[in-house]
Enquirer: 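Structure below; questions to follow.
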Amino acid sequence: MKGLSGPAPVLVKRQPSNVVFSDLHPRVGNRRQEIVSGLQKEQKSINPKYFYDSRGSKLFEQITELPEYYPTRTERQILKSNAQDMAECCGQNCVLIEPGSGSSEKVRLLLDSLEPAAYVPMDISADFLKLAAIQLAEEYPWLNVHAVCTDFARQENEPGGLPEGKRVIFYPGSTLGNMKPAEAIVFLRNLGHWLKRDGGVLIGIDMHKSTRVLEAAYNDERGITALFNLNILSNINKIADANFDTSHFRHHAFYNQEKYRIEMHLVSKVNHVVRLGDTSITMTCGESIHTENSYKYTPESFQDITASAGFAIRSSWFDQQQLFSVHYLELVRTNNGKN
Ligand code: SAH
Ligand code: AVI
């Protein structure tokens, strides 16, 4: 496979010959500044991308297997049952790009029908991404795997140097739901720039449903989601020279019915001061750090988002209970043929 038009792809040791790895991860200094400014706001917040170090990625994998967490098994079922239809939308020999690829489990459900020219998993969790890419390349020796460690929200991180051909962005898991609607529109619009004229986006979206089902999915009995939430502080201790004590915080997740979103917070159990490098952050007892939104959509609200981003929904697939959905999006063309 050709190299990227950025830093040269580095061959990882002991890897099969059909995988390359590129590291476009932002510098530590920039990340620390972003984290500190979120914690200096009136409602303290941390970007959910900081959940995902190796431990966070493993905890997320455990979440996907919990009985309460319906999204993963439901989306898998939709992908399995409709792989052929989806492959027809995407076309064979496409370059399949997955922002936030995690374990790359779901793409396995499509590969045999799709036979892509290349698969480009992109993730912020570098070590987890490498292992997942190597494992996939070993299982599918015919597949070119071009793994990129990057923050997918950074527009300039468009993967370059990929093989020619139609580009399809595979964005399952309702990861779009972790962005506010306005951010989701900008993100989708930017993805549109990655597509060639005939490209498309195959995207998984979680649906609005009863508060009981939603809140159970983010408050599992085994407490894995709580560990996942608290792990964001451990990760920040490593990357921002901080001294969060996770025992001072408790997990809190609830459905905000007005905003159609699950909110995850970490609530301070005591008054205390946290240090991040030279900066001190005061936490009062009962005050929270907002760590994640997970927006749930109706067919209408998702249609609005895609239209605002310049896309049309060509096909949609649901499970019987309409818990989850997968959609194939194409860019809307104007009369002069431009997007
Ligand atoms: N696509 C997989 C994993 C979804 S979990 C699935 O559907 O099962 C979300 C994934 O996105 C995680 O692997 C996380 O590491 C990654 N991620 C989250 N924010 C990111 C960002 N800003 N840039 C790159 N990867 C990100
Ligand atoms: C990755 N993302 C779509 C998951 C979600 O459901 O919003 C992350 C997650 N947070 C708690 N549980 C799972």
Side-chain angles (χ1 to χ4, degrees), residues 23-26 31 34 46-66 68-76 78-79 96-110 119-133 136 147-155 157 159 169-179 183-184 187 190 202-207 214-220 223-232 235 251-255 261-266 291-297 323-324 326:
D23 198 345
L24 308 179
H25 203 262
R31 286 185 268 168
E34 180 189 38
I46 302 176
N47 189 306
K49 68 187 174 194
Y50 293 110
F51 284 130
Y52 301 97
D53 59 354
S54 284
R55 179 164 182 263
S57 296
K58 285 180 197 149
L59 284 166
F60 177 73
E61 284 312 299
Q62 289 182 38
I63 289 175
T64 65
E65 287 163 15
L66 292 167
E68 297 95 333
Y69 195 75
Y70 62 84
T72 308
R73 64 171 174 275
T74 312
E75 187 181 32
R76 283 182 60 87
I78 298 172
L79 294 172
L96 190 64
I97 305 172
E98 182 174 354
S101 48
S103 62
S104 288
E105 268 306 317
K106 288 173 189 161
V107 79
R108 288 167 162 82
L109 301 170
L110 299 176
Y119 170 61
V120 185
M122 302 173 73
D123 209 286
I124 203 159
S125 189
D127 293 341
F128 197 79
L129 169 69
K130 274 185 204 164
L131 291 176
L136 187 77
V148 188
C149 178
T150 185
D151 180 343
F152 60 54
R154 292 161 63 95
Q155 196 187 339
N157 284 350
I169 292 162
F170 180 46
Y171 197 44
S174 207
T175 306
L176 190 78
N178 296 138
M179 296 174 198
E183 294 164 354
F187 177 74
N190 285 338
L202 186 64
I203 184 167
I205 292 293
D206 197 8
M207 308 300 288
L214 284 168
E215 290 191 343
Y218 293 82
N219 289 286
D220 63 281
I224 306 293
T225 310
L227 291 178
F228 173 74
N229 198 3
L230 287 162
N231 184 61
I232 206 168
N235 189 24
H251 165 73
H252 180 48
F254 63 94
Y255 191 51
R261 70 187 193 197
I262 286 281
E263 291 186 21
M264 291 215 312
H265 293 253
L266 288 167
T291 50
E292 189 179 59
N293 289 316
S294 193
Y295 280 84
K296 309 304 167 185
Y297 284 93
L323 294 175
F324 205 91
V326 178

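Order of listing sets the numbers, starting from 1, for every ligand and every atom in it. Since we're looking at a predicted model, the values are computed, not measured.
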Enquirer: Between His265 and Phe254 (judged by ring centroids, cut-off 6.0 Å), do the two rings come close enough to count as a pair?
Expert: yes
Enquirer: Side chain or backbone, does Glu98 bring an N or O within less than 3.5 Å of an N or O on ligand 1?
Expert: yes
Enquirer: Which of the numbered atoms in ligand 1 are below 4.0 angstrom from a heavy atom of Pro172?
Expert: 1 (N), 7 (O)
Enquirer: Does a donor on one side chain sit under 3.5 Å from an acceptor on the other, for Ser57 and Ser125?
Expert: yes
Enquirer: Using a strict cut-off of 4.0 Å, indicate which atoms of ligand 2 neighbour a heavy atom of Ser294.
Expert: 5 (C), 6 (O), 7 (O)
Enquirer: Nearest protein heavy-atom contact for atom 13 (O) of ligand 1: which residue, which atom, what distance?
Expert: Asp123 OD2, 2.7 Å
Enquirer: Any nitrogen or oxygen of Asn178 lying under 3.5 Å from a nitrogen or oxygen in ligand 2? Just yes or no.
Expert: yes
Enquirer: With a 4.5 Å cut-off on side-chain heavy atoms, are Val107 and Ser101 touching?
Expert: no
Enquirer: Tell me whether Glu75 has any N or O atom under 3.5 angstrom from an N or O of ligand 1.
Expert: no
Enquirer: Do Ile169 and Pro99 make a side-chain contact, defined as non-hydrogen atoms from C-beta onward lying under 4.5 Å apart?
Expert: yes
Enquirer: Would you indicate whether the side-chain heavy atoms of Glu98 and Asp123 approach each other to under 4.5 Å?
Expert: no
Enquirer: Where's the contact between Ser101 and ligand 1, heavy-atom distance under 4.0 Å: side chain, backbone, both or neither?
Expert: backbone
Enquirer: Identify, by atom number and element, the atoms of ligand 1 in contact range of Gly102, meaning under 4.0 Å from any of its heavy atoms.
Expert: 13 (O)
Enquirer: How far is atom 9 (C) of ligand 1 from the closest protein heavy atom, and which atom is that?
Expert: Thr175 OG1, 3.8 Å
Enquirer: For ligand 1 and Ala153, I'd like to know whether there is a polar contact (N/O to N/O, distance under 3.5 Å).
Expert: no
Enquirer: N/O to N/O below 3.5 Å, does that happen between Tyr52 and ligand 1?
Expert: no
Enquirer: Measure the shortest side-chain to side-chain distance between Tyr295 and Ser174 over non-hydrogen atoms and say whether it is less than 4.5 angstrom.
Expert: no
Enquirer: Specify whether Tyr171 and Phe152 have parallel, tilted or perpendicular ring planes, treating 30° as the upper limit for parallel and 60° as the lower limit for perpendicular.
Expert: perpendicular
Enquirer: For atom 2 (C) of ligand 1, grab the closest protein heavy atom and report residue, atom and distance to one decimal in Å.
Expert: Gly100 O, 3.5 Å
Enquirer: Should Leu110 and Leu202 count as side-chain neighbours, where that means a heavy-atom distance under 4.5 Å?
Expert: yes
Enquirer: Does ligand 1 have an atom that lies less than 4.0 angstrom from a heavy atom of Arg154?
Expert: no
Enquirer: Which ligand 1 atoms does Gly173 reach within 4.0 Å, using its non-hydrogen atoms?
Expert: 7 (O)
Enquirer: Give me the nearest non-hydrogen protein atom to atom 8 (C) of ligand 2 as residue plus atom name, then the distance to 0.1 Å.
Expert: Glu292 OE2, 3.4 Å
Enquirer: Does Thr150 have a heavy atom less than 4.0 Å from any atom of ligand 1?
Expert: yes
Enquirer: Show me which atoms of ligand 2 lie under 4.0 Å from any heavy atom of Ser174.
Expert: 3 (C)
Enquirer: Hey, what do you get for CZ (Arg154) to CG (Leu24), rounding to the nearest 0.5 Å?
Expert: 9.5 Å
Enquirer: Would you confirm whether Asp220, through its side chain, and Glu68, through its main-chain N or O, come within 3.5 Å as a donor-acceptor pair?
Expert: no
Enquirer: Among all protein heavy atoms in this structure, tell me which lies nearest to atom 7 (O) of ligand 1, with the distance rounded to 0.1 Å.
Expert: Lys106 NZ, 2.8 Å
Enquirer: If you count the atoms of ligand 2 from 1 in the order shown, which ones are under 4.0 Å from a heavy atom of Gly173?
Expert: 3 (C)
Enquirer: Could you check which of Phe228, Phe51, Phe60, Tyr218 puts a non-hydrogen atom nearest to atom 6 (O) of ligand 2?
Expert: Tyr218
Enquirer: Working to the nearest 0.5 angstrom, can you tell me the gap between Ile224 CD1 and Asn229 CG?
Expert: 13.0 Å
Enquirer: Would you tell me which option among Phe187, Phe152, Phe128 has the nearest heavy-atom contact to atom 20 (C) of ligand 1?
Expert: Phe152
Enquirer: Which atoms of ligand 1 sit under 4.0 Å from any heavy atom of Phe60?
Expert: 4 (C), 5 (S)
Enquirer: Which class fits the ring pair Phe60 and Phe228: parallel under 30°, tilted 30 to 60°, perpendicular over 60°?
Expert: tilted
Enquirer: Would you check if there is a donor-acceptor pair between the side chains of Tyr119 and Ser104 at a distance under 3.5 Å?
Expert: yes
Enquirer: Should one rank Tyr52, Tyr295, Tyr69 by closest heavy-atom distance to atom 13 (C) of ligand 2, which comes out on top?
Expert: Tyr69
Enquirer: Using distance alone, with no hydrogens and no angle criterion, decide if Tyr70 and Asp206 have a side-chain donor and acceptor under 3.5 Å apart.
Expert: yes
Enquirer: What is the nearest protein non-hydrogen atom to atom 22 (N) of ligand 1, stated with its residue, atom name and distance?
Expert: Asp151 OD1, 2.9 Å
